[in-house]
Amino acid sequence: MQKSKSTAVLFLLGAFLAGGVLGFTADRMLDRGRSGSRGSREAMSARLARELSLTPDQRKSFDSLMERRREQIRAVYRPIRPQLDSLDKVGRAISDSTHAQVRRILNLDQQVKWDAMRERARKNFEASRKRFNDRR
């Protein structure tokens, strides 16, 4: 019985950590590919202009088209942002429930460690969410 509990805890811990790592990696990849920060956008535009050997007029048109694309994408997401935020709340409720269930199978020392791990993961997530929102 103790072995199955240990296996379940290790599985949940692994899933929790893997989720955090995947979320962090996805944020980094999205940041690299479509960052809203002006510097990254300009760097991407410059690299594409160089690789395509764009003339100054082509570069101006290209940059204008990419800016229009960003605005169109923002416009598409604007009306569904509340639903996405609502789904985020549901996800948090599920996470909170799972966290409480895991705590029930841990001893006091393990609970302290589990809570600290979760707090670190939440801080990392919130920091990356803030960076993302600051770019919008």
Side-chain angles (χ1 to χ4, degrees):
M1 184 67 174
Q2 183 61 29
K3 184 175 179 170
S4 63
K5 282 185 180 180
S6 297
T7 303
V9 168
L10 287 175
F11 175 77
L12 289 170
L13 180 60
F16 178 75
L17 292 174
V21 168
L22 287 173
F24 179 78
T25 302
D27 179 63
R28 290 291 180 205
M29 294 305 288
L30 289 172
D31 204 20
R32 191 175 301 143
R34 61 176 173 95
S35 177
S37 68
R38 178 55 73 188
S40 296
R41 248 196 323 249
E42 288 175 353
M44 176 69 87
S45 179
R47 183 179 65 80
L48 289 170
R50 211 175 32 256
E51 287 184 25
L52 295 170
S53 302
L54 298 179
T55 66
D57 285 341
Q58 287 175 315
R59 171 79 187 266
K60 186 176 176 181
S61 295
F62 177 83
D63 288 345
S64 176
L65 289 168
M66 292 298 105
E67 182 60 32
R68 191 173 323 138
R69 173 187 167 269
R70 279 187 289 279
E71 289 301 321
Q72 289 171 337
I73 289 171
R74 283 187 196 117
V76 166
Y77 277 98
R78 204 168 288 125
I80 62 171
R81 178 66 50 200
Q83 288 95 340
L84 294 175
D85 291 343
S86 175
L87 287 174
D88 190 39
K89 289 176 187 171
V90 170
R92 272 192 233 133
I94 292 169
S95 179
D96 290 346
S97 171
T98 302
H99 181 77
Q101 292 172 38
V102 169
R103 285 186 100 251
R104 285 188 209 117
I105 63 172
L106 302 176
N107 66 36
L108 272 176
D109 290 336
Q110 292 168 325
Q111 288 176 3
V112 170
K113 290 177 185 176
W114 177 247
D115 291 343
M117 291 167 62
R118 183 177 195 219
E119 187 58 31
R120 278 194 308 272
R122 277 192 173 197
K123 284 180 182 176
N124 289 338
F125 177 76
E126 290 303 324
S128 53
R129 172 176 274 179
K130 182 180 181 331
R131 285 191 308 272
F132 177 78
N133 289 332
D134 288 347
R135 288 190 305 262
R136 279 197 272 154

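For the pair Ser53 and Gln58, the minimum side-chain heavy-atom distance is 4.5 Å or more. Here the side chains of Asp63 and Glu67 are not in contact, with every heavy-atom distance at 4.5 Å or above. Taking the side chain as every heavy atom from C-beta outward, Leu108 and Gln111 approach each other to under 4.5 Å. By the 4.5 Å heavy-atom criterion applied to side chains, Arg118 and Asp96 are counted as neighbours.
Gln101 meets the side-chain contact (heavy atoms from CB on, under 4.5 Å) test with Ser97, Arg104; sequence neighbours excluded. The salt bridge (Lys or Arg N to Asp or Glu O under 4.0 Å) search around Asp88 returns Arg92, Arg129, not counting sequence neighbours.
Here the NE2-CG distance, from His99 to Asp115, works out to 4.0 Å after rounding to the nearest 0.5 Å. Here CZ of Phe62 is found 4.5 Å from CG of Leu48. Values are rounded to the nearest 0.5 Å. The structure places OG of Ser64 at 13.5 Å from CZ of Arg69, a figure rounded to the nearest 0.5 Å.
At a threshold of 4.5 Å between side-chain heavy atoms, the hydrophobic network of Ile, Leu, Val, Met, Phe, Trp and Tyr places Ile73 and Ile80 in one connected group. Grouping the Ile, Leu, Val, Met, Phe, Trp and Tyr side chains by contacts below 4.5 angstrom, directly or via other members, places Leu52 with Met44. Hydrophobic cluster membership differs between Leu106 and Val112, with clusters built from Ile, Leu, Val, Met, Phe, Trp and Tyr side chains linked at under 4.5 angstrom.
Ionic pairing of Glu126 and Arg122 is not present here: no N-O contact between side-chain nitrogen and carboxylate oxygen is shorter than 4.0 angstrom. Using a 4.0 Å cut-off between a side-chain N of Lys or Arg and a carboxylate O of Asp or Glu, Glu71 and Arg74 qualify as a salt bridge.
Panel note: side chain Ser61, backbone Asp57; a donor-acceptor pair is recorded below 3.5 Å. Of the possible donor and acceptor atoms, none in the side chain of Ser86 sits under 3.5 Å from a partner among the backbone N and O of Pro82. Distance alone, capped at 3.5 Å, places no donor-acceptor pair between the Ser95 side chain and the Gly91 backbone.
When all heavy atoms are compared, the tightest approach of Arg59 to Ser45 is NE-OG, 3.1 Å.
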